[in-house]
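Below, each value reflects all heavy atoms present in this structure, side chains not excepted, and no hydrogens, waters or symmetry copies.
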Amino acid sequence: MTKPFVILSGLAGSGKTQLALAFAKALIQDRSQLCTVSVGADWTNREPLLGYPNALDSSKYVRPESGVLDLLIEANKPTNSGKPYFLILDEMNMSYVERYFADFLSAMESHEPIKLWSGADGDNVPSSVKLPRNLYIIGTINVDETTYMFSPKVLDRANVIEFKISGNEMNE
């Protein structure tokens with residue numbers, strides 16, 4: 001409750017994603033309150049999470065296939081303010097977090113909405129979206145040589161829970 005952004009860190013296969021899913025499913029009423037996204041190694045901007053304005057038709061907005069924008073719009077509805085919504089970003093450090101998650105990090109700090117576009121509700125997409133109090137973001141990261149490390153900016157805004165196991169625990 002102190003920070004609505006949690007990062008689960010540890011070795012691959014240690015159950016981080018399954019724990020996040022089980023936790024979220026225990027608290028939600030229906031599947032529309034949960035969005036799970038596998039972060040791609042090729043993510044270089046916010047488009048996979050928030051979409052983008054259509055460059056050919058200024059009255060249209062291209063929603064992301066991930067469902068993240070739809071989750072944010074639903075969580076922001078006044079009728080849903082008492083329901084928890086969960087965004088699970090699986091393997092967050094497959095790409096540089098600062099590239100695709102910068103708007104979220106800034107909104108967490110400033111409590112200002114994320115500007116999406118200058119359109120007027122075309123395709124039912126608002127011009128901006130807030131990170132509501134009922135949105136909880138859980139990220140999972142693998143700590144190995146194939147991933148990127150996080151900057152202090154990311155770590156300052158999150159609660160990090162490290163999954164560690166000692167040699168003795170493995171023997172038992």
Side-chain angles (χ1 to χ4, degrees), residues 1-52 61-77 80 83-109 114 116 125 129-166 169-170:
M1 294 303 292
T2 58
K3 292 183 183 178
F5 179 31
V6 174
I7 296 173
L8 304 178
S9 169
L11 297 174
S14 60
K16 301 176 298 290
T17 303
Q18 292 306 311
L19 177 63
L21 287 168
F23 178 73
K25 287 177 182 176
L27 297 176
I28 62 175
Q29 296 169 356
D30 64 68
R31 186 78 173 123
S32 68
Q33 294 170 253
L34 172 64
C35 181
T36 304
V37 181
S38 295
V39 173
D42 60 342
W43 286 16
T44 57
N45 59 40
R46 71 186 204 163
E47 290 177 5
L49 298 176
L50 297 173
Y52 54 93
Y61 192 89
V62 180
R63 290 174 180 262
E65 293 178 10
S66 65
V68 173
L69 181 58
D70 295 325
L71 181 82
L72 291 173
I73 291 170
E74 282 300 308
N76 271 292
K77 289 182 178 176
N80 293 332
K83 298 179 189 176
Y85 283 78
F86 291 90
L87 170 58
I88 298 175
L89 296 171
D90 196 26
E91 300 193 29
M92 273 188 89
N93 59 341
M94 287 296 292
S95 182
Y96 287 107
V97 174
E98 295 81 359
R99 291 183 180 169
Y100 68 87
F101 205 59
D103 290 319
F104 286 81
L105 296 170
S106 293
M108 285 177 199
E109 183 72 17
I114 298 170
L116 297 175
V125 175
V129 66
K130 289 192 97 161
L131 296 183
R133 294 180 54 95
N134 60 332
L135 175 70
Y136 302 94
I137 302 171
I138 303 172
T140 67
I141 64 171
N142 292 332
V143 181
D144 59 33
E145 64 280 349
T146 66
T147 58
Y148 299 99
M149 293 312 296
F150 285 165
S151 70
K153 179 179 181 176
V154 177
L155 297 174
D156 285 348
R157 287 162 178 77
N159 286 320
V160 180
I161 300 172
E162 192 172 354
F163 283 49
K164 281 176 131 177
I165 189 163
S166 69
E169 289 170 324
M170 288 181 70

If the test is side-chain contact (heavy atoms from CB on, under 4.5 Å), which one of I7, L89, I88, V6 qualifies with I137?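 That would be L89; it is the only one of I7, L89, I88, V6 passing the side-chain contact (heavy atoms from CB on, under 4.5 Å) with I137.
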Going by side-chain contact (heavy atoms from CB on, under 4.5 Å), F5 matches just one of Y136, F104, F101. Which one?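 Testing F5 for a side-chain contact (heavy atoms from CB on, under 4.5 Å) against Y136, F104, F101 leaves exactly one candidate, F101.
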Any chance you could measure [X], atom [atom1], to [Y], atom [atom2], to the nearest 0.5 Å?
X	Y	atom1	atom2	value
R63	D70	CZ	CG	4.5 Å
D90	I138	CG	CD1	11.0 Å
I161	K16	CD1	NZ	12.5 Å
D103	L116	CG	CG	8.5 Å
L11	F163	CG	CZ	11.0 Å

Can you find a pair of side-chain heavy atoms, one from L135 and one from K130, that are under 4.5 Å apart?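 A side-chain contact under 4.5 Å is absent here.
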Does the side chain of Y61 reach to within under 4.5 Å of the side chain of L69, using non-hydrogen atoms?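 Side chain of Y61 against side chain of L69, heavy atoms only: contact under 4.5 Å found.
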Is [X] reaching over with its side chain to a backbone N or O of [Y], donor-acceptor style, under 3.5 angstrom?
X	Y	answer
N76	V129	no
N80	E74	yes
N142	E91	no
T140	T17	no

Y85: ring pair (Phe, Tyr, Trp, His ring centres under 6.0 Å) partners, not counting sequence neighbours: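 Y85 satisfies ring pair (Phe, Tyr, Trp, His ring centres under 6.0 Å) with no other residue.
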After noting the C-alpha distance and the side-chain angles of M92 and Y100, does the key distance pass the side-chain contact (heavy atoms from CB on, under 4.5 Å) rule? CA-CA 10 Å; M92 273 188 89; Y100 68 87; 3.6 Å; yes
Test side-chain contact (heavy atoms from CB on, under 4.5 Å) on L72 and L50; report intermediate values, then the result. CA-CA 9 Å; L72 291 173; L50 297 173; 3.7 Å; yes
What donor-acceptor contacts under 3.5 angstrom involve side-chain atoms of residues 33-42, with partners at least two apart or in another chain?
{"from": "Q33", "atom 1": "OE1", "to": "Q29", "atom 2": "N", "distance (Å)": "2.8"}
{"from": "Q33", "atom 1": "OE1", "to": "D30", "atom 2": "N", "distance (Å)": "3.1"}
{"from": "Q33", "atom 1": "NE2", "to": "P84", "atom 2": "O", "distance (Å)": "2.7"}

Nearest atoms (heavy-atom pairs only) where L105 meets R157: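 Heavy atoms of L105 and R157 come nearest at O-NE, 3.1 Å.
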